[in-house]
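Below is one structure, written out as structure tokens, with a few remarks after it.
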There are 2 protein chains.
Amino acid sequence: MNRGTDGKRRSVTIHDVAREAGVSRGTVSRVLNGGHYVSPSAQAAVNAAIRRTGYVVNRHARSLITGKSDSVAFLLTEPQERFFEDPNFNVLLRACTQALAAQDIPLLLMIAGTEAERRRNLRYIRAGHVDGVLLVSSHSGDPVGSELDAAGVPVVACGKPLGQKAKVGYVAADDRDGARSMVRHLYESGRRRIATVTGPPDTPGGIDRLAGYRDVLAECGLPVDESLIVAGDYSRASGETAADLLLERAPDVDAVFVASDLMAHGVLNALTRAGRRVPDDVAVGGFDDSPAALSTRPALTTVRQPWERISSEMVRMLLGRIKGDDPAAVILPTELVRRESA
Amino acid sequence: MNRGTDGKRRSVTIHDVAREAGVSRGTVSRVLNGGHYVSPSAQAAVNAAIRRTGYVVNRHARSLITGKSDSVAFLLTEPQERFFEDPNFNVLLRACTQALAAQDIPLLLMIAGTEAERRRNLRYIRAGHVDGVLLVSSHSGDPVGSELDAAGVPVVACGKPLGQKAKVGYVAADDRDGARSMVRHLYESGRRRIATVTGPPDTPGGIDRLAGYRDVLAECGLPVDESLIVAGDYSRASGETAADLLLERAPDVDAVFVASDLMAHGVLNALTRAGRRVPDDVAVGGFDDSPAALSTRPALTTVRQPWERISSEMVRMLLGRIKGDDPAAVILPTELVRRESA
DNA sequence: TTCTCTACTGTGAACGCTCACAGATGCATG
DNA sequence: CATGCATCTGTGAGCGTTCACAGTAGAGAA
């Protein structure tokens with residue numbers, strides 16, 4: 001919908017380009033869509049005409065006939081408090097828009113904080129208004145993935161979907177291995193009373209990171225003291241209360257592996273409040289390498305999730321699924337980032 | 001694009017509904033678009049048919065003929081660090097999607113962190129792929145608003161656009177008055193050496209909040225000590241260095257009005273590090289009432305920006321502009337939120 | 001030469017919807 | 001009884017694209 005030179009709303013169509021270039025609509029269309037079976041001269045003429053006229057394709061007309069919208073939804077099913085608190089979502093969102101922009105595909109943001117919104121968004125997606133869905137929800141038992149999959153909508157989730165028989169593709173960091181590298185690091189710096197603050201047990205982060213913790217204890221011949229294991233919900237506040245509980249149960253704790261940076265932030269607060277020095281008295285290791293990890297004092301040693309790669313993989317996989325590929329699982333390696341807290 | 005009962009991709013069209021309801025396409029279309037000039041019986045028959053067939057309108061076909069996309073862009077022109085750090089964007093984003101969802105209008109998220117992205121997004125918007133733009137950028141000297149306006153795209157900005165002759169509508173909180181109420185509060189709790197950490201001087205938050213600060217000093221007969229005025233860039237880190245500078249320049253400072261919660265967070269950190277107790281030694285007041293304000297210790301006394309109302313006003317105004325309304329300016333009142341820091 | 005194959009091009013027919021218009025009906029008015 | 005008006009309904013056209021198909025030209029093979 002460009003303004004013509006006369007200021008009147010008048011869009012230049014493929015027809016105008018064809019006339020300008022002295023070819024037919026079909027040829028222009030072919031140039032637009034990859035340029036196969038088009039002579040170099042026609043190709044050039046069309047491109048020149050496009051540049052001269054300022055033509056841009058009418059996506060609606062195209063979508064009407066192709067039956068695809070050339071857009072994808074980013075569906076976030078999280079309570080809004082989490083969305084407000086956790087900058088990881090921002091990182092993910094940013095990287096996904098970037099990856100999609102490279103393909104000229106717009107991202108429709110859908111935030112399903114409530115049940116009503118969830119339904120509304122699902123209805124919209126099911127109606128076929130988007131080609132696929134990037135699904136983000138830490139609570140990955142959420143059946144929304146399977147539901148969409150059952151409706152024939154390509155879905156790629158961020159994080160391993162739990163207990164789903166449906167074949168939704170997903171991209172995730174290697175939680176278990178990441179946890180292992182962190183706990184191993186704590187052990188190697190001489191810590192022997194290593195506690196952990198886990199995520200909710202219905203999330204892969206809650207399960208696998210705890211498993212990694214147990215792996216290393218076993219590996220190093222350290223006894224597993226269940227009182228050193230406290231569950232949080234990924235929020236900063238829950239990290240704080242978890243640390244309080246930990247200090248009460250085991251005042252001799254000398255390291256804490258925390259399953260998220262946000263919770264680690266809370267743990268740091270609680271520790272400081274209790275007069276423990278970090279890392280001298282207690283070492284603290286986080287998980288995520290979210291932007292929040294840099295703002296703690298001391299700066300947080302953490303396990304880096306490769307958000308950019310996760311995002312670009314999600315996009316790549318989703319576009320593949322839209323083209324008919326089968327769902328897959330991609331597990332990306334993590335990296336230990338040593339800062340000051342451990 | 002629903003699957004038929006046979007599992008084959010086959011969408012039910014307005015034609016099918018018409019046949020099912022025993023009326024014509026035109027009548028179905030009229031029911032779909034408000035139901036004027038439709039008899040109650042036809043109305044009912046059509047609605048029943050729609051329900052039976054599970055019909056959903058094909059937005060592309062509609063858009064092709066109406067020339068509108070029934071979607072709007074949310075354009076964020078900020079360096080990504082700010083987007084990652086400041087939860088206010090999340091609040092705004094959330095509230096805007098919500099307000100738009102109520103009208104069944106999808107939100108296209110565009111993040112222009114770099115110049116290249118800015119260009120790409122502008123091109124997309126100019127191409128007419130969206131009906132309007134919700135513009136968010138703290139750096140409101142940004143000419144992107146005028147550029148879009150000049151291209152005939154309806155724009156509503158968040159925050160007062162600075163030094164723009166173009167007629168972009170905007171919604172903002174009453175920065176000056178909000179600052180006044182906070183500084184007045186500090187004065188009334190007995191503080192006499194009140195410093196301020198301002199935002200960048202090319203933002204309304206930087207200018208107007210400082211003006212409010214000056215207003216109250218004058219009003220109360222307090223001398224304006226320029227060494228008590230330090231500029232930040234809204235980031236937590238800048239708040240921290242600003243506070244360091246402040247303590248060095250004026251060790252007797254007993255209150256700080258900070259132009260954003262994020263910076264206030266930094267100020268709090270610096271103060272604590274310097275051994276000052278808050279609010280006993282130094283009172284700290286923020287601005288925004290962002291989610292971050294609750295996570296500080298002590299909890300931050302701040303000036304609440306009515307984000308939900310700002311968002312819904314922005315959406316309301318944008319939809320109006322799309323329908324042809326003239327741009328307007330809406331200034332919303334702020335509210336002092338007393339917590340622990342002042 | 002004649003036939004086939006490949007590379008390229010143009011054309012009509014959709015896609016599913018809205019819009020303008022023409023027609024029909026019922027009711028009050030002249 | 002004709003006229004006007006308001007309410008309601010159906011029909012054809014067309015939005016701007018892609019797609020399938022038919023067709024052309026030139027090169028090489030039989």
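Just so it is clear, the model here is predicted, and its values are computed rather than measured. First the proteins, then the strands, lettered A, B, ... as listed; each starts at 1.
Taking only side-chain nitrogens and oxygens, B:S29 never comes nearer than 4.0 Å to OP1 or OP2 of C:dC17. Not one side-chain nitrogen or oxygen of A:T27 sits closer than 4.0 Å to the OP1 or OP2 atom of C:dC8. For C:dT9, the OP1/OP2 oxygens have a side-chain nitrogen or oxygen of A:S39 closer than 4.0 Å. The phosphate of C:dG10 (OP1 or OP2) has no side-chain N or O of A:Y37 nearer than 4.0 angstrom. Within the structure, a side-chain polar atom (N or O) of A:S11 is placed less than 4.0 Å from OP1 or OP2 of D:dG16. Look at B:S63 and you won't find any side-chain N or O under 4.0 angstrom from OP1 or OP2 of C:dC17.
Taking 4.0 Å as the cut-off between side-chain N and carboxylate O, A:E147 and A:R118 count as a salt-bridged pair. Note on B:E313 versus B:R316: salt bridge recorded, some NZ/NE/NH1/NH2 to OD/OE distance being below 4.0 Å. Salt-bridge formation is not detected for the pair B:D325/B:R321: no Lys NZ or Arg NE/NH1/NH2 atom is positioned less than 4.0 Å from an Asp or Glu carboxylate oxygen.
Minimum atom distance to the side chain of B:S24 is reached by D:dT11, of the listed D:dC15, D:dT7, D:dT11. When each of D:dT18, D:dG16, C:dC8 is scored by its nearest atom to the side-chain atoms of A:P40, the top-ranked nucleotide is C:dC8. Distances were taken from every side-chain heavy atom of A:I14 (C-beta onward) to each of C:dT18, C:dT9, D:dT17; the shortest belongs to D:dT17. Checked against D:dG10, D:dT9, C:dG16, the side chain of B:V23 finds its nearest nucleotide in D:dG10. In this structure, the nucleotide among C:dA14, C:dG16, D:dT9 sitting nearest to the side chain of B:V38 is D:dT9. The side chain of A:N58 lies closest to D:dG16, out of D:dG16, D:dT18, C:dG16. Each of D:dC15, C:dG10, D:dC8 was ranked by its minimum atom distance to the side chain of B:L64; first place goes to D:dC15. Side-chain proximity of B:A61 to C:dG16, C:dG10, D:dT18: nearest is C:dG16. The nucleotide whose nearest atom lies closest to any side-chain atom of B:N33 is, among D:dA20, C:dT18, C:dG16, C:dT18. Here C:dC17 is the nucleotide among C:dG10, D:dG16, C:dC17 with the atom lying nearest to any side-chain atom of B:Y55.
Between B:Y55 and B:E20 there is no side-chain heavy-atom pair separated by less than 4.5 Å. Taking the side chain as every heavy atom from C-beta outward, A:L109 and B:F74 never approach each other to under 4.5 Å. Residues B:S69 and B:H60 have side chains not in contact (no heavy-atom distance under 4.5 Å, counting atoms from C-beta outward).
Atom CZ of A:R19 and atom C1' of C:dG10 are 16 Å apart (whole Å). The separation between B:R62 atom CZ and D:dG16 atom P is 18 Å, rounded to whole Å. In this structure, NE2 of A:H36 is placed 12 Å from P of C:dA7, rounded to the nearest angstrom. Atom CD1 in B:I65 sits roughly 14 Å away from atom P in D:dA13 (whole-Å rounding). C:dA14 atom P lies 13 Å from atom NE2 of B:H15, rounded to whole Å. Taking atom CZ on B:R30 and atom C1' on C:dC19, their separation rounds to 10 Å, with Å as the unit. Residue B:D16 contributes atom CG, which lies 9 Å from atom P of C:dG16 at whole-angstrom precision. Rounded to whole angstrom, the span from the CD1 atom of B:I50 across to the C1' atom of C:dG16 amounts to 14 Å.
Judged by distance alone with a 3.5 Å cut-off, a donor-acceptor contact links the side chain of A:R25 to the base of C:dG12. Residue A:R59 places no side-chain atom within donor-acceptor reach of the base of D:dG16, judged by atom type and a 3.5 Å distance cut-off alone.
Side-chain atoms of B:D16 and B:T53 form no donor-acceptor pair, as typed in the model, at a separation below 3.5 Å.
The nearest heavy atom of DNA chain D to A:H60 and to A:G26 marks one nucleotide each, and the one closer to the 5' end goes with A:H60.
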